[in-house]
2 protein chains.
Amino acid sequence: MGAKKNYNDILKNRNLKVTKHRYAILESLEKSKLPVSAESLYIELKKKGISISLSTVYRSLEALYKKGIVIKSILPDYNKAVFEYNHNEHRHHMICIKCHKMQPVTGCPLEEYEKLIESKFNFTVKGHNLEVYGYCDGCESKTED
Amino acid sequence: MGAKKNYNDILKNRNLKVTKHRYAILESLEKSKLPVSAESLYIELKKKGISISLSTVYRSLEALYKKGIVIKSILPDYNKAVFEYNHNEHRHHMICIKCHKMQPVTGCPLEEYEKLIESKFNFTVKGHNLEVYGYCDGCESKTED
DNA sequence: TTTGTAATTGGGAATGATTCGCATTTGCAC
DNA sequence: GTGCAAATGCGAATCATTCCCAATTACAAA
């Protein structure tokens, strides 16, 4: 991706003030391969020596989510929200039913579908959420039910 | 679908005991056009004169969900789980960002995509979750941010 | 650079959905 | 009908998330 990302501009463009916390959060999220919970992000930031409170992590993530800078999702078997940097490359995830690991998948088959919905239901599509569930490589052969 | 559904068989086939509560829950869910929260289902059952505790509603819904009889989902802006009868006809939903109304859409564009993921990642697909976000007919023209 | 003000933050308390513990009841196989 | 595991009720506990409010900070304008 070439040079260092300019989080300052990303924040300013959306009317969010630039703070060291938000900067650190964006940096962390962008580096992370997998979506993270507010709490694990909090712990990670603490480990890096950043002084921050859990409330701030929640508030920042929510603000970033509202602005579309990060993606938020909640899995039905893991009752907390996870966040990831919105790369705008439209990735979806494979989620393992056993170990809850989320792996990104690029490529999205939904453009046509969205158009269909718009014209059929008079619904203005702004986005979508797609997750594929199953057993990951490691959990494949274990028992179930 | 013609005659009255036999919830007894559905439950027995999945090793769940048949109780009047589960029966009533399935009946309610199947009739409902929209996904409902545990609490609103609880209130609805009470109104019908059924004596049940909220814990039982939660426990039953969870059991039904684990067996694939109902579908559970959690929306990132409405932080509680909603449940719907699994009609096995694979419907997805349009969710309004403003009023949170969920409307079902039949038709699913994902068969090919799942095959692709299976072969590419050695991931055994068991299902998926797709929700389309946007503004519904009624909320269409209101302001945003 | 300094100042004013609204946005942000810390930290702890409050909230609210969901789960748990345990005594009681119920479904159902035998 | 009996026995036992599963299901239930009800209240307490849990846990993620939000809220409150005083202190701090970002940054626009002077």
Side-chain angles (χ1 to χ4, degrees), chain A residues 6-26 28 35-46 48-67 69-70 72-83 100 145, chain B residues 6-26 28 35-46 48-67 69-70 72-83 100 145:
Chain A
N6 195 337
Y7 301 123
N8 292 24
D9 287 349
I10 293 175
L11 292 169
K12 278 181 184 159
N13 289 340
R14 317 263 184 155
N15 292 315
L16 292 177
K17 288 191 174 170
V18 178
T19 70
K20 61 178 186 304
H21 294 129
R22 287 174 177 169
Y23 195 98
I25 286 172
L26 285 176
S28 245
V36 297
S37 69
E39 193 176 18
S40 63
L41 178 56
Y42 169 71
I43 291 169
E44 192 194 322
L45 293 171
K46 284 292 200 183
K48 282 189 189 170
I50 293 165
S51 164
I52 191 171
S53 91
L54 185 55
S55 305
T56 301
V57 174
Y58 273 104
R59 273 184 299 225
S60 300
L61 287 171
E62 197 62 24
L64 295 171
Y65 163 62
K66 289 246 176 72
K67 298 294 187 179
I69 301 169
V70 308
K72 175 182 182 181
S73 37
I74 312 178
L75 315 181
D77 289 312
Y78 182 66
N79 196 15
K80 57 173 113 172
V82 291
F83 300 83
H100 297 130
D145 205 28
Chain B
N6 195 336
Y7 300 124
N8 292 23
D9 286 349
I10 293 175
L11 291 168
K12 278 182 184 160
N13 289 340
R14 317 263 182 154
N15 293 314
L16 291 177
K17 289 191 175 168
V18 177
T19 71
K20 60 178 186 304
H21 295 127
R22 286 174 178 168
Y23 195 96
I25 287 173
L26 285 176
S28 246
V36 296
S37 68
E39 194 176 17
S40 61
L41 178 56
Y42 169 70
I43 291 168
E44 192 193 322
L45 294 172
K46 284 292 200 185
K48 282 189 189 168
I50 293 164
S51 163
I52 191 171
S53 90
L54 185 55
S55 306
T56 300
V57 175
Y58 273 105
R59 274 185 296 223
S60 300
L61 287 172
E62 196 63 24
L64 295 171
Y65 163 62
K66 289 245 175 73
K67 298 296 186 176
I69 302 169
V70 308
K72 174 182 183 182
S73 37
I74 312 177
L75 314 181
D77 290 311
Y78 181 67
N79 198 14
K80 56 173 115 171
V82 291
F83 300 83
H100 296 133
D145 187 23

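Naming convention: chains lettered A, B, ... in sequence-line order (proteins, then strands); numbering from 1 in each chain. Predicted model only: the values in this text are computed from it and were never measured. The figures here come from the full heavy-atom set of this structure, side chains too, leaving out hydrogens, waters and symmetry mates.
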Rounded to whole angstroms, how far apart are CD1 on B/I74 and C1' on D/dC15?
14 Å
I'd like to check A/L64 versus A/L16 (side-chain heavy atoms, cut-off strictly below 4.5 Å). Are they in contact?
yes
Between P on D/dT14 and NZ on A/K80, what's the gap in Å once rounded to a whole number?
16 Å
Ignoring hydrogens and angles, tell me if any N or O in the side chain of A/K72 forms a donor-acceptor pair with the backbone of A/Y65 under 3.5 Å.
no
Atom-to-atom span, CZ of A/F83 to P of D/dT17 - whole angstrom:
7 Å
If you pin B/K12 and B/V82 to their nearest nucleotides in DNA chain C, which one's is more 5'?
B/V82
Rounded to whole Å, CD of A/E62 lies from C1' of D/dC19 at a distance of 13 Å
From the list D/dC21, D/dT18, C/dA7, which nucleotide is the closest neighbour of the side chain of A/R59?
D/dC21
Of the listed nucleotides D/dG9, C/dA7, D/dT17, the one nearest the side chain of B/S53:
D/dG9
How many whole angstroms separate atom CG of A/D9 from atom P of D/dC27?
12 Å
Taking the minimum atom-to-atom distance to the side chain of A/S55, which one of C/dT8, C/dC28, D/dC19 wins?
D/dC19
Of the nucleotides C/dT9, D/dT17, D/dG9, which one has an atom closest to the side chain of A/R22?
C/dT9
Distance, nearest 0.5 Å, that separates NZ of B/K67 from CD1 of B/I10:
14.0 Å
Let me confirm one number: the CD1-CG distance from A/I74 to B/D77, rounded to the nearest 0.5 Å.
8.5 Å
Base, sugar-phosphate alone, or nothing: which one does A/S51 contact when heavy atoms must sit under 4.0 Å apart?
sugar-phosphate
Grab the CG-C1' distance between A/N79 and C/dC20 for me, whole Å please.
15 Å
Just to confirm, is there a sub-4.0 Å distance from OP1 or OP2 of C/dG10 to any side-chain nitrogen or oxygen of A/H21?
yes
About how many Å separate CD1 of B/I52 and CG of B/L41, when rounded to the nearest 0.5 Å?
7.5 Å
Value for CG (B/L61) from OG (B/S37), rounded to nearest 0.5 Å, stands at 9.5 Å
Measure from CG on B/L11 to P on D/dA7 and round the result to the nearest Å.
10 Å
Looking at every strand, decide which applies to B/S60 at a 4.0 Å heavy-atom threshold: base, sugar-phosphate, or nothing.
sugar-phosphate
Specify the separation, in whole Å, of atom OH of A/Y23 and atom P of D/dA26.
14 Å
Side-chain N,O (B/Y58) to OP1/OP2 (C/dT19) below 4.0 Å
no
With a 3.5 Å distance limit and no angle check, can you tell me whether A/R22 reaches the backbone of A/K17 through a side-chain donor-acceptor pair?
yes
Within the structure provided, determine whether B/T19 and B/L11 are in side-chain contact (heavy-atom separation under 4.5 Å).
no
Heavy atoms under 4.0 Å, any strand shown: does A/A63 hit a base, just sugar-phosphate, or nothing?
nothing
Identify, between B/L54 and B/K17, the residue whose nearest nucleotide on DNA chain D lies closer to the 5' end.
B/K17
For DNA chain D, which residues in residues 38-46 of chain A have a heavy atom at a distance below 4.0 Å?
none
